[in-house]
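For the numbers below, each heavy atom of this structure counts, side chains included, while hydrogens, waters and symmetry mates do not. We number each residue from 1, following the sequence as shown.
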Amino acid sequence: MSPTPLDNSKRTWLIASGCAGALGGAAVAVPFVSSFAPSERAKAAGAAVEVDIAGIKPGEKITVEWRGKPVWIVRRTPEQLATLKATAALSADPESKRNPGELTPEYARNEGRSIKPEVFVAVGICSHLGCSPVDKFQPGAQPSLPDDWQGGFLCPCHGSTFDFAGRVYKNKPAPDNLEVPPHMYLSDTKLLIGEDKKA
């Protein structure tokens, strides 16, 4: 006895039902799989951020977000590094002794406030009232800056100035240096902002 053949309308409904089931399964699977990535809430709460720094040229700065804050990564030139000796005497806290646990990890308590001299990592928020300083990398006299300006950062809100290591100058409204966030190198070209277990 041969099986009863399906008529065309039943076959169409079976195919349509199978396709709808497959699409429904995919719709459920996509959010499930994407839930393994850190959520925006997790990122804001402090999930570490991996950054490729290979493309940053000497004298350039990039900004990434960590915990809702702008984090600067500056590849300092030899000339910018050379200014740090001169600006130490002008800095309010040249050795990062104020609030060291909060603002400067132990591995960054050096002249450059960095792990590698040429790469400076800092939270780009002024310690005065939370404004964001701007780059003033060009040395020399400029509006709102001294004639012997060595280069660094200026907070335009109230005039606080910082050198290329994020050290605040004396007699400025900002009470502290710029914060150096926890960070570590995963390789020569990859930085992890927010964790420093291997540092």
Heavy-atom pair of closest approach, residues [X] and [Y]:
{"X": "Leu103", "Y": "Asn177", "answer": "CD1-O, 4.1 Å"}
{"X": "Leu81", "Y": "Pro117", "answer": "CD2-O, 3.2 Å"}
{"X": "Trp66", "Y": "Pro181", "answer": "CZ3-CB, 3.7 Å"}
{"X": "Asp176", "Y": "Ser127", "answer": "O-OG, 2.6 Å"}
{"X": "Leu84", "Y": "Gly112", "answer": "CD1-CA, 3.8 Å"}
{"X": "Pro156", "Y": "Pro133", "answer": "CD-CA, 4.2 Å"}

Query - Full working for side-chain hydrogen bond (donor to acceptor under 3.5 Å, both in side chains) between Ser114 and Arg76 - result: CA-CA 11 Å; Ser114 59; Arg76 295 179 287 204; 3.0 Å; yes
Query raised in the report: Is the side chain of Lys69 donor-acceptor paired with the backbone N or O of Val64 at a distance under 3.5 Å, no angle test?
Result: no
Query - Gln142 (side chain) donor-acceptor with Gly140 (main chain) under 3.5 angstrom - result: yes
Query raised in the report: Out of curiosity, does Val168 fall in the hydrophobic cluster containing Val74 (side-chain heavy atoms, cut-off under 4.5 Å, transitive links)?
Result: yes
Query raised in the report: Are side-chain N/O atoms of Asp163 and Thr87 paired as donor and acceptor at under 3.5 Å?
Result: yes
Query raised in the report: So, Lys85 and Glu111, do they make that salt bridge, N to O below 4.0 Å?
Result: yes
Query raised in the report: Between Glu95 and Lys97, is the closest basic N to carboxylate O distance under 4.0 Å?
Result: yes
**Report entry** Ser96/Arg167 under side-chain hydrogen bond (donor to acceptor under 3.5 Å, both in side chains): CA gap, chis, key distance, verdict
**Finding:** CA-CA 8 Å; Ser96 301; Arg167 299 178 299 192; over 6 Å; no
Report task. Begin from the C-alpha positions of Thr63 and Val71 and carry the test side chain to side chain contact (heavy atoms under 4.5 Å, CB included) through to its verdict. Result -> CA-CA 5 Å; Thr63 304; Val71 174; over 6 Å; no
Report summary line: Taken in chain and number order and not counting sequence neighbours, the residues that satisfy ring pair (Phe, Tyr, Trp, His ring centres under 6.0 Å) with Phe153 are Trp72, Phe137
Report task. Check whether any side-chain heavy atom of Arg113 lies under 4.5 Å from a side-chain heavy atom of Thr104, and answer yes or no. Result -> yes
Report task. Show the numbers, then the answer: is there a side chain to side chain contact (heavy atoms under 4.5 Å, CB included) between Leu178 and Val123? Result -> CA-CA 6 Å; Leu178 296 177; Val123 175; over 6 Å; no
Report task. Take Ile115 and His183 through the test side chain to side chain contact (heavy atoms under 4.5 Å, CB included) and record every step on the way to the result. Result -> CA-CA 9 Å; Ile115 297 172; His183 64 283; 3.6 Å; yes
Report task. Under the side chain to side chain contact (heavy atoms under 4.5 Å, CB included) rule, what do Lys190 and Tyr185 come out as? Steps first, then yes or no, please. Result -> CA-CA 6 Å; Lys190 291 268 167 98; Tyr185 286 86; over 6 Å; no
